[in-house]
Structures are given as structure tokens and as C-alpha cells.
Number of protein chains: 2
Amino acid sequence: MDERKQKILQAIINCYVSSGEPIGSRTISRRYNLGISPATIRNEMSDLEESGYLEQPHTSAGRIPSHKGYRFYVDRLMKIKKLKDEEIELIKSGYRTKPTELEYFINLTAKMLSSLTNYTAVALKPIIQKSNFKHLQLIPLSKRQVLMVLVTDAGLVENKLVELPKFVEEEDLNRISQFLTQKFRGLNAEQIQNVNIDNLEREFLRYKQVIKELVDFLHKNIKPQYAERVYRGGTTNILDQPEFRDLDKVKALLDLLEKDEVISSVLMENIGKGITVSIGEENQYEEMKDCSVVTATYKIGEKQIGTIGVIGPTRMEYSKVIAVLDLTARTLSEVLTEMFT
Amino acid sequence: MDERKQKILQAIINCYVSSGEPIGSRTISRRYNLGISPATIRNEMSDLEESGYLEQPHTSAGRIPSHKGYRFYVDRLMKIKKLKDEEIELIKSGYRTKPTELEYFINLTAKMLSSLTNYTAVALKPIIQKSNFKHLQLIPLSKRQVLMVLVTDAGLVENKLVELPKFVEEEDLNRISQFLTQKFRGLNAEQIQNVNIDNLEREFLRYKQVIKELVDFLHKNIKPQYAERVYRGGTTNILDQPEFRDLDKVKALLDLLEKDEVISSVLMENIGKGITVSIGEENQYEEMKDCSVVTATYKIGEKQIGTIGVIGPTRMEYSKVIAVLDLTARTLSEVLTEMFT
DNA sequence: TGTTAGCACTCATGGACGGAGAGTGCTAAT
DNA sequence: ATTAGCACTCTCCGTCCATGAGTGCTAACA
């Protein structure tokens with residue numbers, strides 16, 4: 001593709017992204033000073049359509065970018081947008097409060113992303129499987145029910161209800177908690193699978209059954225699983241997009257986005273990959289074939305531990321979204337790292 | 001209002017709830033065997049409109065119930081629907097799994113309610129302020145950051161990050177945890193405010209600062225506050241309602257429902273009141289003036305500790321929604337009570 | 001006096017029609 | 001290779017009209 005075609009493609013994408021209407025040759029020649037007439041542009045556009053970068057909704061309409069066109073744009077043409085000072089300040093200042101809960105920041109991130117981009121934003125909380133075991137505490141609830149509180153070095157907390165095979169005194173629960181904490185400290189999800197507790201010290205022998213149950217429980221419940229808590233922002237922003245005027249289409253999409261497993265799997269897929277962009281049909285879900293998803297990974301220390309993302313129409317302001325996501329992920333990483341190390 | 005008028009009002013509401021179209025006199029006379037002609041019904045309908053129970057969208061259309069009409073129906077005419085065996089079984093069987101987290105059940109409740117009613121459902125997790133302090137555990141995260149895990153007798157867990165005025169050894173954190181657990185055990189949110197720790201035993205004297213900080217923190221953070229975690233189901237069901245065909249209207253509503261504070265306050269308002277019904281303008285939010293909200297409270301033991309609800313158009317199947325909510329709240333109460341006592 | 005049949009009137013709905021406008025592709029001239 | 005000119009296409013939008021559901025009123029009826 002020669003340079004002139006690229007310029008025209010870029011012009012069309014720029015116009016289309018902001019207007020949402022098919023773009024005609026005259027519009028381009030008027031709005032961009034390319035030094036060529038509408039007729040020439042028409043010929044070039046015809047070529048671009050031929051090679052699949054543009055599409056025509058109907059004969060006498062202008063052209064719109066195809067998925068292939070967007071892909072080319074994202075990979076080759078796009079310059080990452082410089083954010084405005086206000087926008088940068090908005091992100092930074094959002095993270096300046098000292099929260100009492102990790103979730104607060106993740107939730108905040110989703111809200112900020114959506115309000116900065118006007119698209120739907122999603123965020124995953126740090127993934128427990130990617131961090132190391134730090135502390136375990138058993139707390140009695142009823143006769144045989146205990147609450148198992150797990151803490152990892154990234155400050156993640158997980159609460160699980162466990163039913164014990166027999167009643168255990170609170171004092172002994174504490175001792176067992178300390179014992180298990182020692183046993184598991186510093187291990188990651190994989191290493192936990194290999195812990196066994198065959199030779200117990202004397203004092204724990206009478207709780208062999210209970211401890212076995214607890215270790216089994218840990219083995220079962222710390223496996224990688226796609227059901228992380230999902231936080232959302234601006235779910236309804238999609239309703240502002242003219243291409244989603246169709247109620248049935250929008251309903252199908254919103255239904256999909258409501259499912260935690262779906263968001264979770266879309267984001268998990270891209271963890272640790274830096275910034276990713278999936279355009280239209282590249283997404284695995286049929287209902288999202290008119291959407292693009294941009295994701296970024298955040299870290300605690302050196303661990304890539306969570307993912308955030310923006311979901312919008314394929315006609316998305318890619319350069320801005322990428323800039324916002326990049327800065328947000330970096331800032332979030334800094335803040336969390338500061339907090340937990 | 002005489003009996004015949006009531007019968008006609010009931011008939012109109014029945015028809016309108018299922019069709020969503022204004023109801024004419026002929027429809028009523030055809031579909032219900034009231035032994036009177038359309039003309040008579042017309043006169044009665046005219047009276048009902050006069051007294052504010054019915055409305056007419058335009059001159060040559062049928063009538064639809066007004067908010068006052070629905071209110072009369074809910075208070076006086078409605079018979080609570082008997083649920084089908086399958087529906088009862090569905091609710092019961094949903095709660096038969098043993099979850100490892102309390103949240104699982106609350107989330108499940110929202111999903112079940114929405115799929116049984118085809119409206120939007122919301123659920124609040126048990127409110128920490130309504131239950132009694134049971135256990136406190138401090139877990140070190142970084143030099144001065146500690147994680148405070150709070151557990152109440154209803155099995156609720158809350159995790160808070162606290163910054164300590166100075167570094168404390170893990171062993172001492174444990175001792176402080178035990179100390180505070182003893183101090184606060186059994187107290188409710190209000191009583192916690194009155195705890196003071198002026199005369200410390202000798203061994204804790206050197207942590208006076210730290211303990212003071214922690215107690216202060218508890219005082220500040222266990223206050224009643226409207227920011228409970230909200231769980232949702234079927235958010236998009238509202239899009240199936242013909243009266244919400246209007247994108248702007250639906251967007252305003254969905255935006256409102258996306259806000260946790262809003263749902264939280266709507267539900268908290270009705271905690272402990274059994275089944276409540278708010279119709280149209282009775283709701284405090286402008287955007288919800290075409291919606292009705294039905295809520296129910298669930299308990300753990302004897303404590304009314306959380307609320308669930310269904311949000312739909314004013315043209316709602318009140319009798320079914322109330323039946324479903326009632327059974328769901330009762331079943332959820334049983335299950336949670338069983339679990340935590 | 002309450003009920004009903006008959007009838008003229010009202011109003012939303014939806015399809016047909018047609019002009020305006022935007023954009024294209026082709027051809028011929030530059 | 002580029003461009004001006006032009007005929008052609010197709011959507012969009014407003015207007016018009018027929019249809020039909022439903023009403024209110026009047027007069028007759030039990």
C-alpha cells in the first residue's frame with residue numbers, strides 16, 4: 001500500500017471515528033489538504049475497498065473502515081495520543097486517596113477509565129494464583145463451620161467457609177492456623193499443590209483428620225480458575241454509540257457483558273501481554289463482533305497480577321484509549337506496589 | 001368504590017400487565033364474564049378515570065392503570081400468586097449447594113430472582129452494622145501496613161488496610177489481635193463506639209499508640225454507612241419491556257441502577273419491613289418514576305440483616321414478584337441461619 | 001334508573017409516494 | 001495520472017391517506 005493510500009485510509013478512519021457516518025470522497029478532500037481532487041480520492045477509495053480495508057454500506061453511500069482497515073491503522077498508522085494535562089492529573093489524583101480496601105482502587109479504576117474514555121471499562125482484581133501465600137487464619141463460626149481467611153503477599157484476602165470433620169476449640173484453631181501458615185508461607189498456587197502433611201509433630205497428631213481436610217480444601221480451592229471478581233464502569237456508555245441504536249443488538253451485548261465469567265475470561269486471556277487490542281471479529285464472542293477490546297496489565301512489584309480493559313465499538317478512539325489505559329495501568333501498578341511492598 | 005368497579009379495575013390491571021397495551025371496554029367484556037356490556041364498562045371506566053385509578057394515553061385509546069390504581073390493586077385487590085411446583089423447586093434447589101463464600105449465595109439470589117421474574121433483581125449482602133463483633137486479626141503486609149480482618153457472628157468478613165504509627169512484630173500483632181478480639185467480642189456497631197482502652201495491662205503499654213490508632217480506626221469504620229456491596233441480576237431485562245423502548249429513558253434508568261449507592265439506599269430504606277412495594281412516583285428517584293420496586297428482608301437467626309429486591313416497570317406482575325420474593329427471602333434466611341448458628 | 005345498541009368522532013399506526021441530497025462510477029478532457 | 005462533468009443510485013424524511021381500535025353521547029329499552 002503506497003503512502004497516499006495510507007494517508008487516505010488514516011483520514012477516513014479519523015473522520016469516521018468522530019462522526020460515525022460513512023465518509024465520502026468530497027469530505028476527505030475538503031477536510032484534509034492532500035492536494036488531490038475528490039475524483040482521485042474516489043479511485044483510491046475504490047482500490048482500498050478492493051483490497052479489503054474499506055467497506056460500503058450501500059452503493060451510494062461513503063466508505064467505512066473494515067476490521068482489516070482498523071487493524072492496519074492500529075498496527076501501522078496510529079500515533080498514540082498525548083493526553084491532556086487535565087486528564088493526566090485526573091488519573092493521578094484519583095489514586096491519591098488512601099483506601100482501606102484494595103477493592104476500592106480496582107473499582108475506582110473501572111469508573112475512571114469509563115469516564116475518561118466514554119466507553120465501558122472493566123477491571124479484574126489481583127489474581128490470587130499469581131501471588132504467594134502469606135497468612136492463614138481459622139475463625140470459628142458455628143460448631144463445625146470455620147472461616148478460613150487467606151492472605152497473600154500482594155495484600156489479597158480470600159475468605160472461605162470450611163466444614164470440619166469434628167469440633168475444634170478456638171485455641172486449637174489458632175494453633176492449627178499458625179502451623180498451616182508456617183507450612184505454606186511463601187508458596188505460590190502451584191507449589192501449594194505439592195505440600196503434604198504426612199509427618200505431623202506430636203501436638204497436632206490428634207487433629208490429623210482436621211488438618212488433612214483443610215489441606216485438601218486448599219488444594220481444591222487455590223487452583224487457577226476463571227471466576228475473579230470483575231469491576232465495571234460505564235456499562236451503559238455503549239448506548240450512546242449510534243451503531244448500537246438497535247435494541248436487540250444492544251441487549252445481546254449487555255447481557256454478555258453482565259456475565260462475570262465472560263469479562264473475566266476476556267481479560268485473563270491477555271494478562272501479562274502489555275497493551276492488547278482485539279478488533280471486531282477477533283473477539284471470541286459472536287455478540288462482540290462489532291466491538292473492540294483494549295486491555296492492559298498492572299503489576300504489584302514485579303508480578304503481573306491483574307488486567308484492566310476498555311470495551312467499545314470497533315469505531316473506537318484507539319489512540320486515546322491506549323494512552324489512557326497505559327497511563328492508568330502504570331499508575332495503578334505504582335500505587336499498589338507502594339502499598340504492598 | 002363498589003364491587004363492580006373493583007372487578008373492572010382488577011380486570012384492566014390483569015390485562016394490561018400481560019399485554020402492555022391500553023385496554024378497551026370491548027376487550028374486558030369479551031375476556032371476562034362480568035355479565036355487562038361494553039357500554040356499561042365504558043361508563044364505569046370513565047368513573048374510574050375520574051377518580052384517578054385509570055389513565056388514558058390519548059382520547060381514542062383504551063385505559064391504563066394509574067399509580068393510584070396499582071396502589072389500590074396491591075393493597076386491596078391482589079391475591080398473592082401460588083408459585084408453581086417447578087418454581088418452588090428451583091429456588092430450593094439453588095440453595096442446596098454448599099458454597100465456600102457467603103457472597104456466593106447473595107449473588108445467586110440476585111440471579112435467581114431475575115430469572116424467575118424476568119425483571120432486574122438486586123441483593124445486599126448482610127449488613128455488618130447489624131451483627132456482633134466476633135474476631136479481629138491483624139496481618140502484616142509491609143513495614144507499617146497491616147491488614148485488619150474483622151469477623152462478625154453472622155459470618156461476615158471485612159478486610160481493612162490500616163497504617164500503623166510504628167512497626168510491630170508479627171508476634172505482637174497476634175497478641176494485640178487477641179487483646180482486641182477479647183475487648184470487642186459480642187459488641188454491636190453502636191457499643192463499639194463506647195469502648196475505650198484507657199487502662200491497659202502492662203504487657204500492652206508499649207503499644208499504647210498503636211492500639212489507640214486501631215481503636216480509633218474501628219470507631220471510624222464501623223459506623224453505619226450506605227455503601228454495602230450490591231449484587232445484581234438481569235440488569236438488562238428492563239430492555240424487554242415495551243414501555244422502555246425509548247433509548248434515552250432506558251439509559252437514564254440503567255445509569256441510575258449502575259450506581260451502588262443508589263441501590264444500596266433504596267434497599268437499606270426498607271430493611272426489616274418485611275415485603276414492601278414502592279410504585280412509580282413513590283420512589284425517591286426521578287428516573288424511577290415508571291418503575292416499581294418490591295423488597296424483602298432476610299435474616300440470620302433473629303437478626304434482620306439484609307435486603308433483596310426486584311425492580312421492574314410499574315406494569316409489573318406484583319402478585320408473582322411478591323410470592324417469589326417472599327419464598328426466596330425465607331429460604332435464604334433458613335439457609336444462612338443454618339450456616340452461621 | 002340502570003343498561004345497552006348505535007353512531008359519529010378522534011387519534012395512532014403504517015404503508016405509499018416523491019423530492020432532496022449525498023455519493024458513486026464512468027467517460028472524456030487535460 | 002489526474003480531474004471535471006454527469007448520469008445514476010440509494011437513503012432519508014416529510015406528506016398524505018386509509019385503517020382500525022376505541023371513545024363519548026344519545027336515545028331506546030327493561
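We name chains A, B, ... by the order of the sequence lines, and we start the count at 1 in each one. Not measured: the values here are computed from a predicted model.
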Using whole Å, what does the distance between atom P of nucleotide D/dT9 and atom CD of A/Gln56 come to?
14 Å

For C/dG21 and A/Arg26 - does any side-chain N or O of the residue sit under 4.0 Å from the phosphate oxygens OP1/OP2?
no

Round to the nearest Å and state the distance from A/Ile41 atom CD1 to C/dG25 atom P.
13 Å

Salt-bridge test for B/Lys289 and B/Glu281: reply yes if a basic N is under 4.0 Å from a carboxylate O, no otherwise.
no

Listed nucleotide nearest any side-chain atom of B/Thr40, set C/dG25, C/dC11, C/dT3
C/dT3

Among D/dA4, C/dG23, C/dT4, the one nearest any side-chain atom of A/Thr27 is C/dG23

Against the side chain of A/Thr59, the closest entry in D/dG24, D/dC10, C/dT24 is D/dC10

Whole angstrom value for the distance that separates P of C/dT3 from CG of B/Asn43:
9 Å

How many whole angstroms separate atom CG of B/Leu34 from atom P of C/dT3?
12 Å

Just by modelled atom types, is the B/Gly234 backbone N or O under 3.5 Å from a matching donor or acceptor in the A/Glu258 side chain?
yes

What about A/Arg42: does its side chain form a donor-acceptor pair under 3.5 Å with the base of C/dG25?
yes

If you apply the rule side-chain hydrogen bond (donor to acceptor under 3.5 Å, both in side chains), what do you find for B/Thr236 with A/Asp255, and how did you get there?
CA-CA 6 Å; B/Thr236 60; A/Asp255 274 348; 2.2 Å; yes

Just how far, in rounded Å, is C1' of C/dA22 from NE2 of A/His58?
9 Å

Using whole Å, what does the distance between atom C1' of nucleotide D/dT23 and atom CG of B/Leu48 come to?
15 Å

Between A/Lys320 and A/Leu116 (side chain of the first, backbone of the second, donor and acceptor by atom type, cut-off under 3.5 Å), is there such a pair?
yes

Tell me: CD1 of A/Ile23 to P of C/dA22, nearest whole Å?
14 Å

One thing to verify: whether B/Arg63 and B/Glu55 come together as a salt bridge, which I'm taking to mean a side-chain N less than 4.0 angstrom from a carboxylate O.
no

Comparing B/Pro57 and B/Ile36 on DNA chain C - which has the more 5′ nearest nucleotide
B/Ile36

Classify the side chain of A/Ser37 and the base of D/dT3 as holding, or not holding, a donor-acceptor pair under 3.5 Å.
no

Could you tell me whether the phosphate oxygens of C/dT24, OP1 or OP2, come under 4.0 Å of any side-chain nitrogen or oxygen in A/Ser60?
no

So, does B/Ser25 get its side chain near the phosphate of D/dT23, meaning an N or O under 4.0 Å from OP1 or OP2?
yes

Nearest to the side chain of A/Arg63, which nucleotide is it out of D/dA4, D/dC10, C/dG25?
C/dG25

For atom CD of B/Glu21 and atom C1' of C/dT13, their distance in whole Å:
11 Å

